[in-house]
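No experiment lies behind these values; they were computed from the predicted model shown.
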Amino acid sequence: MIAASAGVKIMVATRPVDFRKGADGLAALVREQLHHDPFAGTIFVFRSKRADRLKIFAWDGSGLVLLWKRLEHSAFRWPPISDGVMRLSASQLAALMDGLDWSRLHALDIGQPSATS
């Protein structure tokens with residue numbers, strides 16, 4: 001498993017994509033259909049029609065990274081199909097990658113600490 005740092009934005013495209021697309025095709029999709037900058041350091045997660053495969057696309061500062069995963073005996077837990085994207089936390093992405101129900105993970109809302117004397 002590749003871990004995402006806590007501060008990175010992770011976006012899931014909620015509509016299935018053509019899994020023949022490579023890194024350049026997904027970068028064009030991010031820019032044109034999702035209206036995000038594919039080179040801003042955000043991690044984008046894409047699903048297949050059968051829901052048993054995912055692709056993760058990211059710019060790491062020196063090149064495009066494309067990760068592909070297929071579950072052998074089950075399907076990934078995906079949000080409802082709609083237009084646009086939804087945000088995930090790093091913990092939710094890890095659960096999604098493991099084939100777990102990521103929607104059961106909820107981060108605690110922790111406020112900024114106050115200065116101490």
I want to check something: taking the side chain as every heavy atom from C-beta on, are Arg77 and Leu100 in contact at a cut-off of under 4.5 Å? no
Minimum side-chain heavy-atom gap Phe57-Val65 below 4.5 Å: no
For Thr42, which residues count as a side chain to side chain donor-acceptor pair (under 3.5 Å) partner, sequence neighbours excluded? none
Any chain of hydrophobic side-chain contacts (each under 4.5 Å) joining Leu26 to Ile43? no
What are the two closest non-hydrogen atoms of Leu34 and Ala13, and how far apart are they? CD1-CB, 4.1 Å
Ile81 versus Arg47: any side-chain heavy-atom pair under 4.5 Å? yes
Measure the spacing between OG of Ser74 and CG of Asp52 and express it to the nearest 0.5 Å. 8.5 Å
Between Lys55 and Phe19, is NZ or CZ placed under 6.0 angstrom from the six-membered ring centre and within 45° of the ring axis? yes
Could you give the distance from CG (Leu54) to CZ (Arg70), rounded to the nearest 0.5 Å? 12.0 Å
Please answer: with hydrophobic residues joined when any side-chain heavy atoms are less than 4.5 Å apart, are Leu71 and Leu93 in the same cluster? yes
Asp24 versus Leu64: any side-chain heavy-atom pair under 4.5 Å? yes
Does the side chain of Leu67 reach to within under 4.5 Å of the side chain of Met97, using non-hydrogen atoms? yes
How long is the span from the CG atom in Leu88 to the NZ atom in Lys9, to the nearest 0.5 Å? 12.5 Å
Quick check on side-chain contact (heavy atoms from CB on, under 4.5 Å): which of Ile56, Val17, Val12, Asp18 does Phe46 satisfy it with? Val17
Could you check if a side-chain atom of Thr14 sits within less than 4.5 angstrom of a side-chain atom of Val85, using non-hydrogen atoms only? no
Rounded to the nearest 0.5 Å, what's the gap from CZ on Phe76 to CZ on Arg53? Could you check? 10.5 Å
Return the CH2 to OG distance between Trp68 and Ser48, rounded to the nearest 0.5 Å. 9.0 Å
Check for me, please, whether Met86 and Ile10 land in the same ILVMFWY cluster - side-chain distances under 4.5 Å, paths through other members count. yes
Is the closest side-chain heavy-atom distance between Phe39 and Arg31 below 4.5 Å? yes
Beyond-backbone contact of His36 with Met11, side-chain heavy atoms, under 4.5 angstrom: yes
Rounded to the nearest 0.5 Å, the CG atom of Leu29 sits from the CZ atom of Arg15 at a distance of 11.0 Å
